[in-house]
Amino acid sequence: GQQLNQSPQSMFIQEGEDVSMNCTSSSIFNTWLWYKQDPGEGPVLLIALYKAGELTSNGRLTAQFGITRKDSFLNISASIPSDVGIYFCAGRREGSNYQLIWGAGTKLIIKP
Amino acid sequence: EPEVTQTPSHQVTQMGQEVILRCVPISNHLYFYWYRQILGQKVEFLVSFYNNEISEKSEIFDDQFSVERPDGSNFTLKIRSTKLEDSAMYFCASRTGLLRETQYFGPGTRLLVL
């Protein structure tokens, strides 16, 4: 099936550091979404991107839709303890109206 | 703020039993989805549903699975004869269908098949 490659798989960082993660695909996507999932809960949407080159911020989070339409990144600036969790990218392929394809997730751990 | 709700939050069942997972999507939404997430793994698409029919389904969604919108509010996922490997978190999602509208997820049902 269609794959999204998300990296890194996990990150150990100090509070206050900036974080960067990305997703790539071999196919063209028309939508990129970034979700955060806390343990035992459903994914919560952080940022949605709909246009190549689009750069969108949500507080300390910034995400970009790659120009090639095959990648996206998420940056978190000045991380705080509540940023801990698993971040997923998800995308909708060109020509598909329905299903989201998901990355494997990036687990963010903040060292005290 | 409106939200997607799911019941039960946890279900334990014996292998071979039927289970029905229930979802109440956000009221003005038109597109409905089921996803599953095996513990520690990524979210996987199962099926999408629009206008009272399945619009897209994955290879995971075989003949053991079915979906139904029995009334104006509930959206259900039935697994006819559960297998051990069906143990997972099952998420329902919905969206309005407007251009650029994205999917809102419920809190999930954790299914454990023994």
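Reminder, nothing fancy here: chain letters follow the sequence lines and each chain counts from 1.
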Peer 1: Hey, any chance B:Y31 and B:F65 share a hydrophobic cluster, counting ILVMFWY side chains that come within less than 4.5 Å of each other, even indirectly?
Peer 2: no
Peer 1: Quick check on B:Q37 against chain A: is it the side chain, the backbone, both or neither that has a heavy atom closer than 4.5 Å?
Peer 2: side chain
Peer 1: Would B:V47 end up clustered with B:I79 when hydrophobic side chains under 4.5 Å apart are linked, directly or stepwise?
Peer 2: yes
Peer 1: If you count the non-hydrogen atoms of other residues, nucleotides and ligands that lie under 6.0 Å from CG in B:N28, is the total more than 12?
Peer 2: yes
Peer 1: Taking the six-membered ring for Trp and the full ring for Phe, Tyr or His, determine whether the centres of A:W102 and B:F105 are under 6.0 Å apart.
Peer 2: yes
Peer 1: Quick one: closest heavy-atom pair of A:F88 and B:K42, and the distance?
Peer 2: CE2-CA, 4.0 Å
Peer 1: About how many Å separate OH of B:Y35 and CG of A:L100, when rounded to the nearest 0.5 Å?
Peer 2: 3.5 Å
Peer 1: Would one find more than 12 heavy atoms of other residues, nucleotides or ligands at under 6.0 Å from atom CD of A:Q9?
Peer 2: no
Peer 1: Just verifying a value: how many Å separate A:L45 CG and B:Y104 OH, rounded to the nearest 0.5 Å?
Peer 2: 7.0 Å
Peer 1: Hey, is CG on B:L39 packed in by over 12 heavy atoms from elsewhere, all under 6.0 Å?
Peer 2: no
Peer 1: Which bit of A:Q6 is near chain B, if near means a heavy-atom gap under 4.5 Å: side chain, backbone, both or neither?
Peer 2: neither
